Engineer: 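Quick one: the structure is below, and I'll ask about it shortly.
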Amino acid sequence: MKRTKIKELLSTTPTGQPVTVQGWVRTFRNNQFISINDGSTIQNIQAVIDFTATDEALLKRITTGACISVSGDLIASLGKGQAVEVKVKELTILGDCDAEAYPLQLKNRPSLEYLREIAHLRSRTNTFGAVMRVRHAMAYAIHKFFNDRGFTYVHTPVITGSDAEGAGAMFKVTTLDLNKLPKNEAGHIDYKEDFFGRETNLTVSGQLEGETYALALGDIYTFGPTFRAENSNTTRHLAEFWMIEPEMAFYELADNMELAEAFLKFLCKYALDNCADDLEFLNKRAQEEDAGKPQEQRSELGLIDRLKFIVENDFQRLSYTEAIDILKNSNPNKKKKFQYLIENWGVDLQSEHERYLVEKHFKKPVILYNYPAEIKAFYMRQNEDGKTVAAMDVLFPGIGEIIGGSQREERYDRLVKRVNELGLPEKELWWYLDLRKFGSAPHSGFGLGFERLMLFVTGMTNIRDVIPFPRFPGSAEF
Ligand code: 4AD
Ligand code: MG
């Protein structure tokens with residue numbers, strides 16, 4: 001008989017109908033009650049087996065972690081805690097699980113640090129099941145948001161020849177024999193001999209290629225993996241992360257900010273509407289974690305309230321210049337509590353400053369705009385004041401920067417001048433500059449870090465726990 005997923009069974013009226021359930025044993029109590037999970041939902045289904053009529057040897061094999069198939073009748077549950085249960089008629093062990101050796105047998109909840117070392121099994125825990133179902137829901141909602149607005153999903157390359165973004169160190173891609181590198185006459189590595197006949201690397205962003213399609217199809221977005229070889233060992237950085245980058249022709253900075261705000265609100269609302277079970281579990285989980293922390297580190301709102309707060313409140317828009325004034329006169333700055341003190345206009349903001357603005361000063365998400373040109377990328381549109389660019393960052397509570405974006409410099413002469421000022425390779429950027437030569441248009445876009453969004457939506461506190469297999473300095477197991 002074909003199996004029915006637990007999610008479906010739990011919402012079925014039990015009439016004693018025959019059903020088959022397949023999944024992994026979570027617990028087996030009193031030689032009678034088997035709690036089974038199949039990943040379709042955070043909820044388990046209870047299967048009740050008649051031990052007096054079951055072979056002793058088979059009962060022994062019903063251990064935590066074992067994969068089983070049970071067939072029986074779906075009946076209203078006699079016990080508390082569940083509406084339905086399966087009265088077992090037939091049980092087959094599909095995969096034994098040695099209770100002694102199984103790492104998730106532990107009575108106490110295993111730490112997230114330990115689970116990272118067994119990322120191939122952590123998928124079996126309630127926490128990772130919940131996180132990954134929410135991750136899927138968010139990926140789906142992202143496509144829905146853009147599809148509903150007439151955006152085209154563009155697949156930008158993973159291997160690129162340019163570091164035009166300048167966003168961070170890159171991973172090289174090569175098939176050259178590292179023990180026998182070909183050299184040219186000047187003694188440098190001869191990349192002409194390499195696979196692509198040139199130097200290549202993994203992309204840090206699909207933006208520049210995305211722009212080429214925005215200036216043809218109008219509204220586009222990318223959604224793919226990006227790579228940064230920075231040695232950032234933080235709870236908010238990965239070496240491989242997924243980014244969503246919409247790019248819109250005819251959008252100015254204000255339109256860009258509006259879209260970013262609507263996008264984040266839509267995603268939080270989608271999670272609330274579609275991931276209730278998992279969010280409730282994660283909410284409780286975060287509360288338990290919080291309880292072990294000192295008072296001042298606990299969140300004021302629970303996870304679900306934080307999501308509602310985003311949906312219901314407007315984001316604060318603030319220029320970089322206004323932000324510097326606030327930060328300069330803030331208590332932590334005056335009392336020298338910031339690690340990086342704010343003294344002059346022009347400095348880059350650290351996450352401690354971003355979080356102060358969001359969590360202490362405004363107590364809501366902030367969109368900072370018009371940053372100093374010196375601390376932003378070459379492609380951002382130059383403002384008339386001669387010192388700022390039309391950049392914007394969206395800052396979220398507990399996260400800091402969740403989105404970075406800008407209006408793009410669409411004026412050929414200005415862009416070329418900036419490329420040269422910064423000593424960037426004008427020749428390699430020929431195709432990007434061409435866009436400004438042939439039918440240029442005002443346009444804007446931004447990048448949302450998918451795992452930063454996931455941190456916010458799941459209430460998890462380490463970015464390594466919201467992606468199935470995290471890649472960070474010193475770690476590429478699995
Ligand atoms: O601010 P970033 O570097 O902007 C860009 O890459 C632009 N090309 C985006 C655009 O305008 N199309 O990165 C965008 C976002 C950040 O706001 C952050 O959420 C996330 O990507 N991000 C990271 N997430 C995880 N690990 C890292 N190392 C990240 N670096 C950036
Ligand atoms: Mg940024």
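Counting convention: from 1, in listed order, for ligands and their atoms alike. Just so it is clear, the model here is predicted, and its values are computed rather than measured. Numbers here simply count residues along the sequence, with the first being 1. Only this structure's heavy atoms are used, side chains among them; waters, hydrogens and symmetry mates stay out.
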Engineer: Assess whether a salt bridge exists between K265 and D314, defined as any Lys/Arg side-chain N lying under 4.0 Å from an Asp/Glu carboxylate O.
Structural biologist: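 Counted as a salt bridge, because a side-chain N and a carboxylate O are separated by less than 4.0 Å.
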
Engineer: As a test of reading the structure, name the N/O/S atom of E401 that is nearest the Mg ion (ligand 2).
Structural biologist: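 Result for E401 and the Mg ion (ligand 2): OE2.
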
Engineer: Can a salt bridge be assigned to the pair D465 and R122 using a cut-off of 4.0 Å between side-chain N and carboxylate O?
Structural biologist: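 Yes, this pair counts.
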
Engineer: So which bit of R228 gets within less than 4.0 Å of ligand 1, heavy atoms only: side chain, backbone, both or neither?
Structural biologist: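 Just the side chain.
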
Engineer: Report the part of F241 in contact with ligand 1, treating N, CA, C, O as backbone and CB onward as side chain, heavy atoms under 4.0 Å; options are side chain, backbone, both, neither.
Structural biologist: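 The answer is the side chain.
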
Engineer: Taking only heavy atoms of R236, which atoms of ligand 1 are found under 4.0 Å from at least one of them?
Structural biologist: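 Going through ligand 1 atom by atom, the ones under 4.0 Å from R236 are 25 (C), 26 (N).
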
Engineer: Could you tell me which atoms of ligand 1, counted from 1 in the order shown, lie closer than 4.0 angstrom to a heavy atom of G404?
Structural biologist: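 Answer, ordered by atom number: 9 (C), 10 (C), 11 (O), 17 (O).
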
Engineer: Tell me whether V204 has any N or O atom under 3.5 angstrom from an N or O of ligand 1.
Structural biologist: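 Min N/O separation from ligand 1 is not below 3.5 Å for V204.
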
Engineer: Taking only heavy atoms of G405 into account, list the atoms of ligand 1 that are under 4.0 Å away from them.
Structural biologist: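 Once the distances to G405 are compared, the set is 11 (O).
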
Engineer: What I want to find out is whether E401 reaches R452 closely enough, with some N-O distance under 4.0 Å, to be called a salt bridge.
Structural biologist: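 No.
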
Engineer: At a 4.0 Å threshold, what atoms of ligand 1 neighbour a non-hydrogen atom of R408?
Structural biologist: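 Counting atoms of ligand 1 from 1, those under 4.0 Å from R408 are 10 (C), 11 (O), 12 (N).
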
Engineer: Decide if the gap between the ring center of Y153 and the ring center of H143 is smaller than 6.0 angstrom.
Structural biologist: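 Distance test on ring centres: under 6.0 Å, yes.
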
Engineer: Do the numbers put R149 on top of the ring of F145, so that NZ or CZ is under 6.0 Å from the six-membered ring centre and no more than 45° off the axis?
Structural biologist: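 Verdict for F145: a cation-pi partner in R149.
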
Engineer: Using a strict 4.0 Å threshold on nitrogen-to-oxygen distance, state whether E384 and R414 make a salt bridge.
Structural biologist: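 Salt bridge: yes.
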
Engineer: With a cut-off of 4.0 Å, which atoms of ligand 1 are near a heavy atom of E245?
Structural biologist: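 Matching atoms, with element in brackets: 7 (C), 8 (N), 9 (C), 10 (C), 12 (N).
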
Engineer: Give the atom numbers and elements of ligand 1 that come within less than 4.0 Å of a heavy atom of I463.
Structural biologist: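 Checking each atom against I463, I get 25 (C).
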
Engineer: Find all atoms of ligand 1 within a distance of less than 4.0 Å from any non-hydrogen atom belonging to Y379, and give their numbers and elements.
Structural biologist: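 Answer, ordered by atom number: 7 (C), 8 (N).
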
Engineer: Determine whether the side chain, the backbone, both or neither of I402 has a heavy atom under 4.0 Å from any heavy atom of ligand 1.
Structural biologist: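 I402 to ligand 1: backbone contact only, side chain stays beyond 4.0 Å.
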
